Student: 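The following block contains the structure, expressed as structure tokens.
Bear in mind that the values here come from a model prediction, so they are computed numbers and not experimental data. First listed ligand is number 1; within each ligand, the first listed atom is number 1.
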Amino acid sequence: MIDACSQESKPLLSIDDALDRIKIAIHPVSGTEKLVLKDALGRVLAEPVYSPINIPHDRNSAMDGYAFASRDVADGQAFTLSLAGTSWAGRPFEGTLQPGQCVRIFTGAVVPEHADSVIMQEQVQVLEQTINFPADTRALQNIREIGEDVKQGACIIAQPKKLTAVDLGLLASAGVGEVTVKRRLKIAYFSTGDELTALGGPLEPGKIYDSNRAMLGGLLADPGYSVVDLGVIPDNKQLLQHSFIEASLNHDVIITTGGASVGEADYVKEILQSCGEVNFWKIAIKPGKPLAFGKIGGCHFFGLPGNPVAVVVTFQQIVAPALRQLSGAPPAKPLRFTATCTTALKKAPGRKEYQRGILSKDEHGEFFVASAGRQGSNILSSMSQSGCYIVLPEQCNGVQPGDKVTVEPFSLLI
Ligand code: AMP
Ligand code: MG
């Protein structure tokens, strides 16, 4: 695809081709470590886990009520049983149920031998030690069978999986206290640019505060990533080259922002070329065209654009899937669906665009999306106010109100 706006002489790489190239270039890390469960949230499981026990481990009651044997049910008639004792959660009834008896039972308590049914306490009449069961009593109800959730020896979680809070609960229910996970990715990131000013200091003429590092810190917040903020590097070739090489020695990934374009002070791609290799530079997306991907030694390198919105878009669409792949996690496809656009959207054919939108749903369940306002790649405020991307294909040349568009809601992290 030739980008008409910038008169590119060479066709730009489509985002799908860029993602394919990354897929080929990246191999998941092989190192693993053993962790106790409480430290394993968000980590990538490296070995399958088999349950050492049946879950439930005992036949137990799903209700607070009375356990009885179906042999005692009078066919379609009300009947009476005598109370033989109580089974509490954690303190089972120790006797054996005799014909004509029932046992008071609570949710989670072991169902006594010979009992095969539980009736809800609301459905019986209690007269001291005598329990009256109604005519419509149903046998064989309200019992959780041994292994009905998980069978002993069954695989409860297959690898690779990024462990969720629910997974930790499942593992704990099987008594599994430790898991083997992939090692954390070592990621270094920094900003480049003479204009960047650290927070807290006054803003000199022509300077700006460094928003990209603050954002990247948030975007990289993941239990599977060990992240180092290397600060700001000025637009100085020697300093940049030195920083790239230093960081490549002990990290799996370097992410930079700024200096990746074609300005006189944009050195990132040139330095990557001289001290490593460039896999691709520039892709047919907007915002985010000037993106350099390559390698320095064994370290993957993502040189993101400088404009903050372009940083978010390229991070989410390109870097995040690459980091997942490198960490050994399975791919996560973004949720996308169709909505009716309520505003006109400007777009020139050439690049795939990620415009910022505000999503809503009417009373019939139909989705609508409106532009979140100005779409410049420097306009972070409209990004902050929006809730989704409006994804416009390369050939699209604008959207009229009422047109159907593809939307991609933001993940909870941004
Ligand atoms: P560059 O790619 O270095 O030419 O940067 C493109 C635009 O992004 C310029 O307006 C920069 O000032 C801006 N920019 C670069 N880095 C940052 C940053 N860390 N925070 C905010 N804006 C930035
Ligand atoms: Mg710059």
Student: Look at atom 2 (O) of ligand 1 and say which protein heavy atom is nearest, naming residue and atom and giving the distance to 0.1 Å.
Tutor: Gly259 N, 3.3 Å

Student: Going by an N to O cut-off under 4.0 Å, is there a salt bridge joining Lys295 and Glu277?
Tutor: no

Student: Quick test: of every protein heavy atom, which one is nearest to atom 19 (N) of ligand 1, and how far off is it to 0.1 Å?
Tutor: Asp210 OD1, 2.7 Å

Student: With under 30° as parallel and over 60° as perpendicular, where do the rings of Phe293 and Phe302 fit, or are they tilted in between?
Tutor: tilted

Student: State the CG-CZ distance between Leu163 and Arg43, to the nearest 0.5 angstrom.
Tutor: 9.5 Å

Student: Please classify the Ser191 to ligand 1 contact at 4.0 Å (heavy-atom distances, strictly less than): side chain, backbone, both or neither.
Tutor: side chain

Student: Output the list of atoms in ligand 1 that are nearer than 4.0 Å to some heavy atom of Gly258, sorted by atom number.
Tutor: 2 (O), 3 (O)

Student: Below 30° counts as parallel, above 60° as perpendicular, anything between as tilted: where do the rings of Phe337 and Phe367 land?
Tutor: tilted

Student: What do we get for Ile208 next to ligand 1 when only non-hydrogen atoms under 4.0 Å count, side chain, backbone, both or neither?
Tutor: side chain

Student: Could you find the nearest protein heavy atom to atom 17 (C) of ligand 1 and give me its residue, atom name and distance?
Tutor: Asn212 ND2, 3.2 Å

Student: In Å and rounded to the nearest 0.5 Å, what is the OG to CG distance from Ser261 to Asp266?
Tutor: 5.0 Å

Student: Check contact between Arg213 and ligand 1, using heavy atoms of the residue and a distance below 4.0 angstrom.
Tutor: no

Student: Heavy-atom distances under 4.0 Å are what count here, so tell me which part of Asn378 touches ligand 1: side chain, backbone, both or neither.
Tutor: neither

Student: Between Lys162 and Tyr225, is NZ or CZ placed under 6.0 angstrom from the six-membered ring centre and within 45° of the ring axis?
Tutor: yes

Student: Output yes when a side-chain donor or acceptor of Asp58 lies under 3.5 Å from a complementary backbone atom of Asn60, and no otherwise.
Tutor: no

Student: Which residue and atom name correspond to the protein heavy atom nearest atom 21 (C) of ligand 1, and how close is it?
Tutor: Ser211 OG, 3.2 Å

Student: Among protein heavy atoms, which lies nearest atom 4 (O) of ligand 1, and at what distance?
Tutor: Asp266 OD1, 3.6 Å

Student: Suppose I only count heavy atoms of Asn307 and a 4.0 Å limit; which atoms of ligand 1 are within that range?
Tutor: 6 (C), 7 (C), 8 (O)

Student: Between Lys207 (side chain only) and Asp194 (backbone N and O only), is there a donor and an acceptor less than 3.5 Å apart?
Tutor: yes

Student: In terms of the angle between their ring planes, are Phe68 and Phe133 parallel, tilted or perpendicular, with boundaries placed at 30° and 60°?
Tutor: perpendicular

Student: Give me the nearest non-hydrogen protein atom to atom 5 (O) of ligand 1 as residue plus atom name, then the distance to 0.1 Å.
Tutor: Gly306 CA, 3.7 Å

Student: Which atoms of ligand 1 are found less than 4.0 Å from any heavy atom of Glu195?
Tutor: 11 (C), 12 (O), 15 (C)

